[in-house]
Amino acid sequence: MSAFFTLVLAFAISLAMVAPAHAQFTLVKISSDSFTDSDAQHKTEVEPDTYSWGSTMVATFQVARIAPGGGADLGFSTSTDGGKTWTFGSLPGWTVNFKHGSASAASDAAVIYDAKHKVWLIQGLLLSNAGVNVAVSRSTDGLHWSNPITVDGNEVDDKNWITCDNTPTSKFYGNCYSEWDQAFSTGLIQMSTSHDGGLTWSAGVGTADQAGGSGAEPLVLPNGTVVVPFLGNNMMAFTSTNGGASWGSTFQIAPVNVFGNGNVRSDSLPFPSTGIDKAGKLYVVWSDCSFRSGCSTNDLVFITSTNGTKWTNPARIPIDPLSSTVDHFIPGLAVDRATSGKTAHLTTTFYYYPQANCNSSTCRVHVGFTTSTNGGKTWTAGKDVGAGAMQISWLPNSQNGPMLADYLSSSYVNGKAFGVFMVAKAPSGGLFNQAAYTTKQPLEASADEPRFSSKGEKRIPGIHSNRPFPRNQGEERESRPPSK
């Protein structure tokens, strides 16, 4: 009888890990599309980024997705009370749709706080018939934003990101670093530096080996070294040790393989999601099929580094067993910057299909998360936040397929993790119903909740994806914009 109950218990645990369990969360809608322009697909929002400082957390995203690229504007939603309440709005002066802007669309929103200059920065792309440029808006409170300041005006830009050196003891304290790639010309990565809180920016500079790539998310070590993980032919990185005056050659930090579903934009695009803890340990997470026989579905995997040049081997995040059919994609990593090392707190949100071999009619998209309180040594089983089973037909179109995001984001605020993600519901009255949401409760686990380890698991030798990963899925134009 004892053996029987042991088998039943083991079987129940195995079933519980097949797909993320449904947890009790209250979803909170933190923004809404109120534009009425004829170019956009209305009541839509896509592609969030977040950052927190103190009790303030700022989320930013595209509002009113335009199928050929970008949105009617970039939106923001800000909580100044640790995620309890939110205030949303649109960035002024970016597009023709709000406060006298000149661009036709805006895209690829990313947000950071510059502690030295006490200013929030939202960076994005300005799209027009002439091309695509990188720009940034400034705010001292996360609620009132300036008109855009041009970071790069070469009109060939895509997939930008931004970070700042917020360590007071760093000799480059207060430097902010912008990254983008010249997707519509050379494809080369470019970096720019600001020393004055985003008011002015240096001319774009490439890596020493003139590398191309996309999806970079730069981080700054406590000593001021800038580390830039990005997706090239594999997971790559490069660094600067002189405050952005020059950038080194690129090097591989991990191999990448990805299962190709392709029913939602970027479900097969393993862009990195990055974070850093209090001691300066770097974390990089992406979707990868290297631990699955036949590259049958994507797990989330992660690597770490304490100096940006030497990295651990990829480890699978054990959201569910290796026998599961769940396909995990588009992670949004949060690292609690008040914790470090063996007690570092990590949380990552993600989208997932319960069945990897689904198609555009049968695929259902869910939102899940997992968390670790020991620097990634063990993780909780995946939990579903309760966003529902989203049908692909509910998502707005983009030039690269139905769209939720190319990236997700989560942040710790006052020690509590909150994710921001797009939730789609059934369209109504000829309008979509997709917006930015978070949860009322923080994304955390109880002290007695089981934790799981992937220790001993190995990447399968010779594993490879059944198609090259589609880096152009994240581009904001189908082809190079017309020249002047």
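Note that the structure is predicted; figures quoted are calculated from it, not measured. Positions are given from 1, in the same order as the sequence printed here. Just the heavy atoms: all of them, side chains too, but no hydrogens, waters or symmetry mates, feed the values below.
The aromatic rings of Tyr352 and Phe350 are tilted relative to each other, their planes meeting at an angle between 30° and 60°. Relative ring orientation between Trp145 and Phe76 is described as tilted, the plane-to-plane angle lying within the 30° to 60° band. Using the six-membered ring where Trp is involved, Tyr113 and Trp120 have ring planes that are tilted, between 30° and 60° apart. In this pair, Tyr412 and His345 present their aromatic rings tilted. The plane angle is within the 30 to 60° band.
Side-chain N/O atoms of Ser52 and Ser411 include no donor and acceptor closer than 3.5 Å. With no hydrogens or angles considered, a side-chain donor-acceptor pair links Asp196 and Ser194 at under 3.5 Å. In this model, no donor atom of one side chain and acceptor atom of the other lie less than 3.5 Å apart for Tyr353 and Asn263. Judged purely by distance below 3.5 Å, without hydrogens or angles, the side chains of Thr239 and Thr225 never pair a donor atom with an acceptor atom. Defined by atom type and a distance below 3.5 Å, a donor-acceptor pair is present between the side-chain atoms of Asp277 and Tyr283.
Here Phe418 and Trp86 keep their ring centres 6.0 angstrom or further from each other. Two rings, from Phe25 and Phe369, have their centers less than 6.0 Å apart.
Remark: Ile112 CD1 to Cys164 SG distance equals 5.5 Å, nearest 0.5 Å. How far CG of Asp114 is from CH2 of Trp53: 9.0 Å, rounded to the nearest 0.5 Å. Phe329 contributes atom CZ, which lies 8.5 Å from atom OH of Tyr351 (distance to the nearest 0.5 angstrom). Rounded to the nearest 0.5 angstrom, Phe61 CZ and Asp33 CG are separated by 10.5 Å. Between the CZ atom in Arg364 and the CD atom in Gln355 there is a gap of 12.0 Å [rounded to 0.5 Å]. Here OG1 of Thr339 is found 7.0 Å from CG of Leu346. Values are rounded to the nearest 0.5 Å.
Between the Arg138 side chain and the Gly197 main chain, a donor and an acceptor come within less than 3.5 Å of each other. A distance-only check finds no donor-acceptor pair linking the side chain of Thr167 to the backbone of Thr169 [under 3.5 Å]. In this structure a side-chain-to-backbone donor-acceptor pair under 3.5 Å is missing from Asn257 to Ser290. Side chain of Thr438 to backbone of Gly419: a donor-acceptor contact under 3.5 angstrom is found. Side-chain atoms of Thr56 never come within 3.5 Å of backbone atoms of Thr80 as a donor-acceptor pair (strictly under, hydrogens ignored). Distance alone, capped at 3.5 Å, places no donor-acceptor pair between the Asp73 side chain and the Val63 backbone. Without hydrogens or angle criteria, Ser372 side chain to Thr378 main chain gives a donor-acceptor distance under 3.5 Å. The backbone N or O of Gly243 sits less than 3.5 Å from a side-chain atom of Asn175, completing a donor-acceptor pair.
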Audit row: Arg459, Asp288, salt bridge (Lys or Arg N to Asp or Glu O under 4.0 Å) steps and yes/no: CA-CA 10 Å; Arg459 298 178 70 253; Asp288 198 292; 5.1 Å; no
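Using a 4.5 Å cut-off on side-chain heavy atoms (C-beta onward), Met422 and Pro48 make contact. Residues Leu395 and Met403 have side chains not in contact (no heavy-atom distance under 4.5 Å, counting atoms from C-beta outward). Side-chain contact between Ser178 and Val136 is absent, with no heavy atoms from C-beta onward closer than 4.5 Å. Ser240 has its side chain within reach of Asn242: a pair of non-hydrogen atoms, C-beta onward, lies under 4.5 Å apart.
By the 4.0 Å N-to-carboxylate-O rule, Arg292 lies close enough to Asp320 to be salt-bridged with it.
Nearest heavy atoms, Cys176 versus Leu121: SG-CD1, 3.9 Å. Heavy-atom minimum distance, His117 versus Gly174: CE1-O, 3.4 Å. Residues Ala445 and Thr371 approach most closely at CB-CG2, 3.9 Å, considering heavy atoms. Across all their heavy atoms, Leu27 and Ala387 have their closest contact at CD1-CA, 3.6 Å. Listed here is the closest heavy atom pair of Thr60 and Ala109: OG1-CB, 3.3 Å. The heavy-atom pair separating Pro314 from Ala254 by the smallest distance is CG-CB, 3.9 Å.
Results of the side chain to side chain donor-acceptor pair (under 3.5 Å) test with Trp180 over Asn160, Asp157, Asp108, Asp158 single out Asp157 as the only residue that passes.
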